[in-house]
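Report on the structure given below.
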Number of protein chains: 2
Amino acid sequence: MNLAFAAVNGALKIGPTMSQMQNVERQLREMILGLEIGPGERLTERWIESRFGASRTPVRAALLRLETEGLIGRDGRGWTVAPINLAELGQIAVYREAVEVAAVRLTAALEDRGGIELIAAMLDSCDAETPREEWHRVGLDFHIELARLSGNEFLLRAVRDAMTRLSRARWLEVRDEKALGRAWAEHHAILAAVRSGDAEQAAQLLSAHIAGSRDRLVTSLHDDRRGLRARGFAVVAA
Amino acid sequence: MNLAFAAVNGALKIGPTMSQMQNVERQLREMILGLEIGPGERLTERWIESRFGASRTPVRAALLRLETEGLIGRDGRGWTVAPINLAELGQIAVYREAVEVAAVRLTAALEDRGGIELIAAMLDSCDAETPREEWHRVGLDFHIELARLSGNEFLLRAVRDAMTRLSRARWLEVRDEKALGRAWAEHHAILAAVRSGDAEQAAQLLSAHIAGSRDRLVTSLHDDRRGLRARGFAVVAA
DNA sequence: GATACCAGCCTGGTATCCCAAATTGGTATC
DNA sequence: GATACCAATTTGGGATACCAGGCTGGTATC
């Protein structure tokens, strides 16, 4: 079973019967997260309408939902793809630390922690041959699936929301193989602590992981901000 | 300055220029939170349309937003006011403990904690003569404003979301004067700890307060579930 | 050449119309 | 009386027409 697919499928209801609104929402989200539409770019309902072959009714519904996800915002009397906001990334790190640590503490206290092995398998499915997209996806899904194990819908939703908002920034981050390996090792260390039921250890490792991740991310984007702006991406300073 | 009003005003943009969608959203939210529309009740877009004198377009936009707030949900091919869900209340307590404790720790570490006095004043504005609605509102706003002091938008949003979802259940809770006084005292004790910069103490007091609040809430609603159902309210067991 | 002004276009906001599917209520059948 | 069935109604999903306000580009004036 593919955990990641289950997650996506559960959230988005991919299937033969998908409404126009879900269709537009999904495709538009993918274009934004995949940076096919750059941060800061203007969106018009008419453009989306013609781009996806749906009328304005489902387009507007999709825009409203993406707004609540923080992927787009209102710019006066129009829609704008959310810019990369370095200050916001710092706040998100604090937020996700709170909810992820709470979730991992809950999970470590559970009796049935078998789900951990599925997450470990997901991590192990990545190797040197794995494309960068896959590393990126697994890196996000690790935290989401870990939160899911807690069984708390609200912690899960919060983590998923945070990872969605971090997704583009993490994609833009320049990460060398060493950084990828370190993250991989840290993920496994967290899993080991949870597996052994050591909530305190798991919490500390996770906190450190999130803090380090935030520092590397903000530093990388801060250093690259000129290049990012040159690509037409709106970057808001910390 | 009225903190509570500022919060509402900031969130809802009350003013002379309010779109139909904001109008419908606000009124419908008030009807749901005020239990004028009972938990579990069916909603049709046509009814809302005629009830508020707006066409279906803004009605549907408002419904989409209220759905993300968890106040309504889809029931097959229709809309339903979210039932009172005792299991969910327990999960929300865990969630809000995570984010509120994180926020209060941040605030206790701030240099400028002057905002605390405004919150204390808000608490002190309630006395024996104060109507129940006001106690209810202040009890919710206390936690929201405390989170606002942290300066973290995401923690604030999370607390606001949690309090919105708890609002109806807390309104239905049978609280005697003793319980109100205890909550008032606990709130002040938390403020005192934050004021003195004792993050650890503030965190512990807040955790205990949330746990106690949850226990009383779930117990009260559990005991009253027959009465609630007799009033036509859908109550989902824990 | 700079500036004040105005018409036309483009935007999101709203109202309304159509549609397929599902619910419902009555009816005929056993 | 229970049940299978069918038509009318109602539902949300979608498409489209219209509107007011703001932006733009051109033009006339100084």
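Reminder, nothing fancy here: chain letters follow the sequence lines and each chain counts from 1.
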Does D/dA15 have OP1 or OP2 sitting under 4.0 Å from an N or O in the side chain of A/S55? yes
Whole angstrom is fine here: how far is it from CH2 in B/W79 over to P in D/dG13? 6 Å
What's the CE-P distance between B/M18 and C/dG13, to the nearest Å? 15 Å
Find which nucleotide of DNA chain D each of A/R77 and A/T57 is nearest to by heavy atoms, and output the residue with the more 5' nucleotide. A/T57
Mapping B/R42 and B/P58 to their closest nucleotides on DNA chain C, which lands nearer the 5' end? B/P58
So, is A/R60 near the phosphate of C/dG13, with a side-chain N or O under 4.0 Å from OP1 or OP2? yes
A/H136 versus A/R170, side-chain donor and acceptor atoms under 3.5 Å: no
Taking everything shown except A/R132 itself, do over 12 heavy atoms lie less than 6.0 Å from its CZ? yes
Would you indicate which nucleotide in C/dC17, C/dA15, C/dG13 comes nearest to any side-chain atom of B/A54? C/dA15
Watson-Crick or G-U wobble partner for C/dC30, using a 3.5 Å limit on both distances? D/dG1
Below 30° counts as parallel, above 60° as perpendicular, anything between as tilted: where do the rings of A/H143 and A/H209 land? parallel
In whole angstrom, give the distance that lies between atom CD1 of B/I48 and atom P of C/dA15. 14 Å
Short side-chain N/O contact from A/Q22 to OP1 or OP2 of D/dG13, under 4.0 Å: no
Between P of D/dG12 and CG of B/L64, the distance in whole Å: 12 Å
Taking atom types as they are modelled, would you say the side chain of A/R46 forms a donor-acceptor pair with the base of C/dG12 within the 3.5 Å cutoff? yes
Touch class at under 4.0 angstrom, heavy-atom based, for B/L43 against every strand present: sugar-phosphate
Tell me the interatomic distance from B/E49, atom CD, to D/dG12, atom P, rounded to whole angstroms. 10 Å
Can you tell me how far C1' of C/dC19 sits from CD of A/Q20, to the nearest Å? 14 Å
Separation of atom CD in A/E67 from atom C1' in C/dG13, rounded to whole Å: 14 Å
Is there a donor-acceptor pair closer than 3.5 Å between any side-chain N or O of B/D75 and the backbone N or O of B/T80? no
Nearest to the side chain of B/M21, which nucleotide is it out of C/dT14, C/dG13, C/dC18? C/dT14
Measure the distance from CZ on B/R56 to P on D/dG12 and round it to the nearest whole Å. 7 Å
Would you say the side chain of A/R74 and the base of C/dG12 hold a donor-acceptor pair, judged only by whether the two atoms sit under 3.5 Å apart? no
Look at the side chain of B/S167 and the backbone N and O of B/M163, then say whether any donor-acceptor pair between them is shorter than 3.5 Å. no
Counter-base of D/dA20, judged by Watson-Crick or G-U geometry with both distances under 3.5 Å: C/dT11
